[in-house]
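Structure first, then comments.
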Amino acid sequence: MQQQKKPGLSVVIITLNEEVNIGRCIQSVLQVADEIIVVDSLSADNTKAICRSYAVTFIEQPFLGYIEQKNFALQKANHTYILSLDADEALSEGMISFLMAEKAKGFSCDGYVFNRFNNYCGQWIKHGTYYPDKKLRLIKSGMASWGGQNPHDKLIPVDGSKVRYVKKDILHYIYRSYDEHISQMNKFSTIAANALFLRNKRPSYLKAIVNPAWAFVYAFFIRLGFLDGWNGYMIAKLQAFQTFGKYSKLIQLHKQKEP
């Protein structure tokens, strides 16, 4: 039997070793949330203690995968509308004002898409594939679920949903250093290659050459990433490397499978 939802707004956040970010994230939603639920993948740092210093529901759940963990968090929400955030995100002042006004008059849509404004190594990135980086994040319960392909998850609305785009920003503190970006790029390319392998996707040497080059051209030139200077170049370059890593690791997985 489906749980009866209460009017209001739930905020759900997944975490793993997010002591640097989680306090900022929680503080940004205190004005608008009727409940805050943190689903934690057994953090080994101070994430749990920081969360419990606020009035949040803290749930420990071994990591199921990005998509699966976020769907688990959605299921724990008790209110009609759900805002899903990552721990390294926070609401801008414009977002807070919008949500307060929308709550006061009653939410009118099944889903709301916002811009994600990325802070990369201390710089707010205004071009390339990093902005406006539109994301569906606020949904009516039951009207969307997380899908896509790990690690690139996304909320997918049900057919016929009324979805509205709102030009307000979710602040995303994405990487603090190039080393952090490179480490995450390596992790994500491995997850993506494994996901393709499990779906029996065949490796392509052509894609391993062409797709990384296109990823760089698209981000740096077509989406004007060069206007963000050196960091715009680094973002485009490392996105290309991540694409190359995904396909090269997929090729390696299939070679290892061969008798």
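These values consider heavy atoms only, across backbone and side chains, with no hydrogens, waters or symmetry-generated copies.
- Using a 30° and 60° split on the angle between ring planes, His254 and Phe197 fall in the perpendicular class, above 60°.
- Under a 4.5 Å side-chain heavy-atom cut-off, the cluster of Ile, Leu, Val, Met, Phe, Trp and Tyr residues that includes Ile67 is completed by Val12, Ile14, Ile37, Val39, Ile59, Leu64, Phe72, Leu74, Ile82, Val113, Leu136, Ile139, Trp146, Leu155, Val163, Tyr165.
- The main-chain N or O of Met143 is never found under 3.5 Å from a side-chain atom of Asp110 such that the two would form a donor-acceptor pair.
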| query | Between Lys70 and Asp86, is a salt bridge (charged side-chain N to carboxylate O under 4.0 Å, His left out) present by the stated rule, with each step listed? | reply | CA-CA 9 Å; Lys70 290 183 177 182; Asp86 292 334; 3.0 Å; yes

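- When the side-chain hydrogen bond (donor to acceptor under 3.5 Å, both in side chains) test is applied to Ser189, the partners found at least two apart in sequence or on another chain are Lys249.
- Here the shortest heavy-atom pairing between Arg223 and Pro132 reads NH2-CD, 3.8 Å.
- Using cut-offs of 30° and 60° for the angle between ring planes, the His181 and Tyr130 rings count as tilted.
- For the residue pair Glu102 / Tyr112, a side-chain donor-acceptor distance below 3.5 Å is found, with atom types taken as modelled.
- Under the 3.5 Å distance criterion, the side-chain polar atoms of Asn119 are left unmatched by any main-chain donor or acceptor of Leu171.
- Using bins of under 30°, 30° to 60° and over 60° for the plane-to-plane angle, the ring pair Trp230/Tyr233 lands in the tilted bin.
- Residues Cys51 and Ile22 come closest through the heavy atom pair SG-CG1, 3.6 Å.
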| task | Please step through salt bridge (charged side-chain N to carboxylate O under 4.0 Å, His left out) for the pair Lys6 and Glu35, ending with a clear verdict. | result | CA-CA 11 Å; Lys6 298 180 287 188; Glu35 72 170 349; 5.8 Å; no

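- The ring of Tyr175 has its center no closer than 6.0 angstrom to the ring center of Tyr178.
- When Glu18, Gln61, Gln69 are each tested for a side-chain hydrogen bond (donor to acceptor under 3.5 Å, both in side chains) with Ser41, only one passes: Gln69.
- Without hydrogens or angle criteria, Asp34 side chain to Leu9 main chain gives a donor-acceptor distance under 3.5 Å.
- Between the side chains of Tyr173 and Asn21, no donor-acceptor pair of N or O atoms lies under 3.5 Å.
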